[in-house]
There are 2 protein chains.
Amino acid sequence: MSAEPGTVRPGGRTARVRAAVLRAAGDVLAEQGFDQLDLADIARRAEVGKTTVYRRWGSVTGLVADLLVDMAEQSSPREETGSVLGDLRANASLVQRTLADPRQGALFRAVIAAAACDERTAAALRRFYEVRVDEWAPCVEQAVARGELPAGTDARAVVRAVSAPLYYGLLTSGVVPDAAAAERAARAAHAAAVAGVYVTE
Amino acid sequence: MSAEPGTVRPGGRTARVRAAVLRAAGDVLAEQGFDQLDLADIARRAEVGKTTVYRRWGSVTGLVADLLVDMAEQSSPREETGSVLGDLRANASLVQRTLADPRQGALFRAVIAAAACDERTAAALRRFYEVRVDEWAPCVEQAVARGELPAGTDARAVVRAVSAPLYYGLLTSGVVPDAAAAERAARAAHAAAVAGVYVTE
DNA sequence: AGGGTAACGAAACGGCAGGACCGTTTAACC
DNA sequence: GGTTAAACGGTCCTGCCGTTTCGTTACCCT
């Protein structure tokens, strides 16, 4: 049993091929959604042999899983405004702008759909959001330390609460969130956190 | 241009075939997810000719869209407990139990994934949630009338806020919601509504 | 800098999803 | 109950997705 292709000689051409294929995969996912995905089409766009794509990724979901690993590596740093509400607003705005962007929004919908169909992709998606939530949780922890939120508040739960309504509208009703929706999301999470809804133990 | 098959003679055998196929489709969706869906397999399970499934529904997404129409018709009546928080709890618990049910939960994930790939399916899904939100919005409207929530509160927004975190966890992280999550969802939506986050105009 | 081999790429193959044909059943209307 | 055609269902087939094969390129190590 040999290692996966691309792991022994990951540099040079191999890296270029990976980058080109992932870029093409992102484009096609954003344009068409993941079920109409033809690996041969991606190979053509990436100017790469069809055989290579099948050998290295095997299936559509495998390709999406690798794309998610790539996306998780590009983490956007959090902003700090001095108050929880401001920080949550910044986070909500970031999520909102991401989902409202034609390419990014469609890409996220496609990736989440893919994760619902394949366990490996689901694991990659879970990891992606873990990274994102970990990035922003310190804002809430600092707020607890400053006394703005009750002690014992689950920081990660608050961060997830900000994203939830924005994702929910997009996924279940196709509603692209606007700035007002971001503001509501931030204020709602803040109000709930102040009320002690996310206090554990 | 002739009408869609199944619309001119919707009774008798046609209805039985539709019911059998939709049931089989739900089973397969819940078991395997929608991308591995083979219409011939569904036909076999439903003990129906393969040709019939292809002729009437054409594609996997078309079948899912019809399944959603069928699901929307079976609306579960809302409960009324006398207080907003109680009503929101009842709603959250209903959603939580639905998503936590192995068959129903998997079915919802699959259906949402299908909606991300096809516009007709997305429209059917939107309609499904419109029906559900309309069913529960009166609870919030009555609460506003009773003075429990501020005037001008967007009732539908509050109802959606209850579901959002439960769906968000399931779709992005594969977290099956438990009773505690339902309680948090209800209390969070309530706290935000009381704080006037969902007041419009 | 040169060899060994990991990784790529073109072309040919094959299995199966999805569709076409046509005879059979039966719902709808009188 | 008889007639009409809408809808079903078995069979065959065609096109495409994914795979295999084998020759070529170029990355990595010494």
Side-chain angles (χ1 to χ4, degrees), chain A residues 1-25 28-29 31-66 70 110 114 117-118 120-121, chain B residues 1-25 28-29 31-66 70 110 114 117-118 120-121:
Chain A
M1 187 173 178
S2 61
E4 292 288 302
T7 55
V8 179
R9 285 182 183 174
R13 178 172 62 171
T14 301
R16 282 196 302 277
V17 166
R18 176 167 183 259
V21 170
L22 291 185
R23 178 179 191 89
V28 176
L29 275 178
E31 286 172 27
Q32 308 181 0
F34 95 104
D35 70 328
Q36 300 181 23
L37 211 50
D38 179 15
L39 294 198
D41 181 44
I42 291 182
R44 230 173 297 127
R45 292 199 186 210
E47 296 180 339
V48 155
K50 182 181 73 160
T51 314
T52 300
V53 178
Y54 279 106
R55 183 168 33 222
R56 285 196 54 185
W57 290 281
S59 66
V60 172
T61 50
L63 181 53
V64 175
D66 196 26
D70 193 62
C117 300
D118 178 72
R120 268 190 58 212
T121 310
Chain B
M1 187 172 180
S2 60
E4 291 288 302
T7 55
V8 179
R9 284 183 184 175
R13 178 172 63 171
T14 301
R16 282 196 303 276
V17 165
R18 177 167 183 259
V21 169
L22 291 185
R23 179 179 190 89
V28 177
L29 275 179
E31 286 173 26
Q32 309 182 1
F34 96 104
D35 70 328
Q36 299 181 23
L37 212 49
D38 178 15
L39 294 198
D41 181 43
I42 291 182
R44 228 174 299 127
R45 292 197 188 212
E47 295 180 340
V48 154
K50 182 182 75 161
T51 312
T52 300
V53 178
Y54 279 104
R55 182 171 32 224
R56 284 197 55 184
W57 291 281
S59 67
V60 172
T61 50
L63 181 53
V64 175
D66 196 26
D70 193 62
C117 301
D118 177 72
R120 268 190 57 211
T121 309

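Naming convention: chains lettered A, B, ... in sequence-line order (proteins, then strands); numbering from 1 in each chain. Predicted model, so just to flag it, every value in this text is computed and none were measured.
- A close approach under 4.0 Å does not occur between any side-chain nitrogen or oxygen of Thr14(A) and OP1 or OP2 of dA7(C).
- In this structure a side-chain-to-backbone donor-acceptor pair under 3.5 Å is missing from Thr61(B) to Thr121(B).
- Near DNA chain D, meaning a heavy atom under 4.0 Å away, the residues from residues 32-51 of chain A are Asp38(A), Lys50(A), Thr51(A).
- A distance of 13.5 Å separates CZ of Arg23(A) from CD1 of Ile42(A), quoted to the nearest 0.5 Å.
- Smallest separation of non-hydrogen atoms from Gln36(A) and Cys117(B): NE2-O, 4.0 Å.
- The CZ-P distance, from Arg56(B) to dA7(D), rounds to 8 Å in whole Å.
- Between Gly12(B) and Val17(A), the residue whose closest nucleotide on DNA chain C is further toward the 5' end is Val17(A).
- Side-chain contact between Thr52(B) and Arg55(B): present, with at least one pair of heavy atoms (C-beta onward) separated by less than 4.5 Å.
- Residues passing the salt bridge (charged side-chain N to carboxylate O under 4.0 Å, His left out) test with Asp66(A), sequence neighbours excluded: Arg18(A).
- Under the 4.5 Å side-chain criterion, counting only non-hydrogen atoms from C-beta, Asp38(B) is not in contact with Val60(B).
- In terms of heavy atoms, Ala43(A) sits closest to Val53(A) at CB-CG2, 3.8 Å.
- Shown here are the side-chain hydrogen bond (donor to acceptor under 3.5 Å, both in side chains) partners of Asp41(A), two or more places apart in sequence or in another chain: Arg44(A).
- Residue Thr52(B) places its side chain closer to dG9(D) than to any other of dC8(C), dA7(D), dG9(D).
- With sequence neighbours excluded, no residue forms a side-chain hydrogen bond (donor to acceptor under 3.5 Å, both in side chains) with Thr51(B).
- Direction change of the helix axis from one end of the helix from dA1(C)-dT30(D) to dC30(C)-dG1(D) to the other is 60°, with five pairs defining each end axis (rounded to 10°).
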Distances for protein N or O near nucleotides 23-26 of chain C N or O, under 3.5 Å:
| from | atom 1 | to | atom 2 | distance (Å) |
| --- | --- | --- | --- | --- |
| dT25(C) | O2 | Arg13(B) | NH2 | 3.1 |

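- Side-chain N/O atoms of Tyr54(A) include one lying less than 4.0 angstrom from OP1 or OP2 on dG18(D).
- Contact between Gly33(A) and Ala110(A) at its shortest, heavy atoms only, is CA-CB, 4.3 Å.
- Between the CZ atom of Arg55(A) and the C1' atom of dG9(C) there is a distance of 8 Å, rounded to whole Å.
- Rounded to a whole Å, the CD atom of Glu4(B) is 14 Å from the C1' atom of dA6(D).
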Start with the C-alpha gap between Leu22(B) and Leu63(B), add the side-chain angles, then the distance that decides, and say whether side-chain contact (heavy atoms from CB on, under 4.5 Å) holds. CA-CA 8 Å; Leu22(B) 291 185; Leu63(B) 181 53; 3.9 Å; yes
